[in-house]
K.L.:
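Starting off with a structure, shown below.
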Amino acid sequence: MQTACAPVWHTRRFAIDLTRPRVMGIVNVTPDSFSDGGAHADAASALRHAEALLKEGADILDIGGESTRPGASPVPLEEELARVVPVVREAVRWGVPISVDTYKPEVMAECLALGADIVNDVWALRRHAADGRSAEDVVAQDPACGVVLMHMHRQPQDMQVKPMEGDAVAQVRDFLAARAAALRARGVAAERIVLDYGIGFGKTVEQNLDLLARQRELLALGYPLLAGWSRKSTLGRLTGVEVAADRLGASVAAALLAVQRGARIVRVHDVDATVQALKVWMALNDREGA
Ligand code: HH2
């Protein structure tokens, strides 16, 4: 167990100062993502969207080519590469941290070779390539990339059919601790690792709320936390807002609550509104600390 939360996230090209909360803007190059599927499905529109997110104040771009919504089918490797590679190849030239949202070792390796800074893996590096190479091997063999290890119960195809049972916080904590320890044992510095409790990945509404309420127990592991509440169905259940893209108020509220409880990075679709909310929160913090 680490002793204190790292204030800086070491990624390939950028040491990201986490003393202020950071906004990771979502770029889904997919036809079927749960809230914006098809909106930016080709490289040109994904890049336009990514540029817009940067103008709105995103600190990091998270580029993904496969939906992991409940019930989603896996995308063949070649298809995912065809979606993601042209976007990553261009975005790495923009001078901002680029994250790749994938669980496939081959996609990770290809994007890291193009210069991507961060691997964001909803499977926490547990998957293997056809040749036996694991996602953990790819990250461990890379000298400097940052990594997000997320907790998922079961897999997208059945995670909401049979969600977790019992105390989710303890189980998520133990899982993330084990995954981080495995990576540390492979020589990956603690400063490269960020943890994520995986909202919506096989948990009930109550369990998702427990994870937010008890973030402190996850922070005790000593790694920075990333929270991905944006537009998730739990927010729909709490507010009665059926259409995921209409859950702006709930998403901003959840992001702010996660940051108030110690999360250092929020992964969001709606960058502008989130940045505005965080500015107010930071101004109050400064005032209270003055
Ligand atoms: N959520 C999604 C995808 N990737 N990565 C992390 N670290 N944390 C998350 O909560 C997370 C994630 C699902 O959201 P989205 O990318 O918008 O949808 P889809 O998977 O349908 O593309």
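Order of appearance sets the numbers: ligands from 1, and atoms from 1 within every ligand.
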K.L.:
Counting only heavy atoms not in Arg154 (residues, nucleotides, ligands), do more than 12 fall under 6.0 Å from its CZ?
P.N.:
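Check passes, neighbour count above 12.
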K.L.:
So Arg179 and Glu136, side-chain contact (heavy atoms from CB on, under 4.5 Å) or not? Walk me through it.
P.N.:
CA-CA 10 Å; Arg179 293 307 302 139; Glu136 193 178 289; 2.8 Å; yes
K.L.:
Does any part of the side chain of Ile118, heavy atoms only, come nearer than 4.5 Å to the side chain of Ile98, both counted from C-beta?
P.N.:
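A side-chain contact is absent here, since even the closest heavy-atom pair is not under 4.5 Å.
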K.L.:
Answer yes if the side chains of Glu66 and Thr102 hold a donor-acceptor pair under 3.5 Å, and no otherwise.
P.N.:
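No.
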K.L.:
Which heavy atom of the protein is the closest neighbour of atom 18 (O) of ligand 1, given with residue, atom name and distance?
P.N.:
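In this structure, atom 18 (O) of ligand 1 has Phe34 CD2, 3.2 Å as its nearest protein heavy atom.
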K.L.:
Distance to 0.1 Å, residue and atom name: give those for the protein heavy atom nearest to atom 22 (O) of ligand 1.
P.N.:
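Result: Ser33 OG, 2.4 Å.
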K.L.:
With side chains defined as the heavy atoms from C-beta onward, is the minimum distance between Tyr223 and Asp196 less than 4.5 Å?
P.N.:
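Sidechains of Asp196 and Tyr223: no contact.
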K.L.:
Which residue owns the protein heavy atom closest to atom 20 (O) of ligand 1, what's the atom, and how far is it?
P.N.:
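In this structure, atom 20 (O) of ligand 1 has Thr68 N, 2.7 Å as its nearest protein heavy atom.
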K.L.:
Tell me, do Val75 and Arg83 make a side-chain contact under 4.5 Å, heavy atoms counted?
P.N.:
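Side-chain contact under 4.5 Å: yes.
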K.L.:
Check whether any side-chain heavy atom of Ile193 sits under 4.5 Å from a side-chain heavy atom of Arg184, and report yes or no.
P.N.:
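When only atoms from C-beta onward are counted, Arg184 and Ile193 do touch, with a gap below 4.5 Å.
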K.L.:
Check if Arg231 has a non-hydrogen atom at a distance under 4.0 Å from any atom of ligand 1.
P.N.:
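Contact check Arg231 vs ligand 1: negative.
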K.L.:
Any side-chain heavy atom of Leu112 sitting closer than 4.5 Å to one from Val119?
P.N.:
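Yes, at least one pair of side-chain atoms sits under 4.5 Å.
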K.L.:
Please state which part of Arg69 comes within less than 4.0 Å of ligand 1, counting heavy atoms only: side chain, backbone, both or neither.
P.N.:
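Answer for Arg69: both.
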K.L.:
Hey, is Asn28 one of the residues with a heavy atom under 4.0 angstrom from ligand 1?
P.N.:
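So Asn28 counts as touching ligand 1.
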K.L.:
Against heavy atoms of Asn120, which atoms of ligand 1 measure under 4.0 Å?
P.N.:
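Heavy-atom distances to Asn120 below 4.0 Å select 5 (N), 6 (C), 7 (N).
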K.L.:
Give the numbers and elements of all ligand 1 atoms closer than 4.0 Å to a heavy atom of Lys232.
P.N.:
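With Lys232 as reference, the close atoms of ligand 1 come out as 1 (N), 9 (C), 10 (O), 11 (C), 13 (C), 14 (O).
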K.L.:
What atoms of ligand 1 come closer than 4.0 angstrom to any heavy atom of His269?
P.N.:
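Those qualifying, in numeric order: 17 (O).
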K.L.:
Any idea which protein heavy atom is nearest atom 4 (N) of ligand 1, and the distance to it?
P.N.:
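The closest one turns out to be Asp101 OD2, 3.0 Å.
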K.L.:
Of all the heavy atoms in Trp229, does at least one lie under 4.0 Å from an atom in ligand 1?
P.N.:
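Trp229 does not count as a contact of ligand 1 under the 4.0 Å cut-off.
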K.L.:
Just jot down the ligand 1 atoms closer than 4.0 angstrom to any heavy atom of Met150, in number order.
P.N.:
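Close to Met150: 6 (C), 8 (N), 9 (C).
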K.L.:
Picking from Asp246, Asp36, Asp270, what satisfies side chain to side chain donor-acceptor pair (under 3.5 Å) with Arg231?
P.N.:
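Going through Asp246, Asp36, Asp270 one by one, the side chain to side chain donor-acceptor pair (under 3.5 Å) with Arg231 is satisfied by Asp270 alone.
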K.L.:
Around atom 16 (O) of ligand 1, find the nearest protein heavy atom and jot down its residue, atom name and distance.
P.N.:
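Checking every protein heavy atom, the shortest distance to atom 16 (O) of ligand 1 gives Arg267 NH2, 2.9 Å.
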K.L.:
Only heavy atoms of Asp196, strictly under 4.0 Å: list the atoms of ligand 1 that pass.
P.N.:
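Those qualifying, in numeric order: 6 (C), 7 (N), 8 (N), 9 (C), 10 (O).
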K.L.:
Between Phe175 and His151, is the ring centroid distance below 6.0 Å?
P.N.:
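Between His151 and Phe175, which both carry aromatic rings, the centre distance is below 6.0 Å.
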K.L.:
Side chain, backbone, both or neither: which part of Val122 has a heavy atom under 4.0 Å from ligand 1?
P.N.:
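Val122 to ligand 1: side-chain contact only, backbone stays beyond 4.0 Å.
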K.L.:
Near Gly228, which atoms of ligand 1 are under 4.0 Å from a heavy atom of that residue?
P.N.:
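Contacts of ligand 1 toward Gly228, numbered from 1: 10 (O).
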K.L.:
For the residue pair His269 and Phe34, does the interplanar ring angle fall in the parallel (under 30°), tilted (30 to 60°) or perpendicular (over 60°) class?
P.N.:
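Aromatic pair His269/Phe34 classed perpendicular.
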K.L.:
Among protein heavy atoms, which lies nearest atom 21 (O) of ligand 1, and at what distance?
P.N.:
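Answer for atom 21 (O) of ligand 1: Ser67 OG, 2.6 Å.
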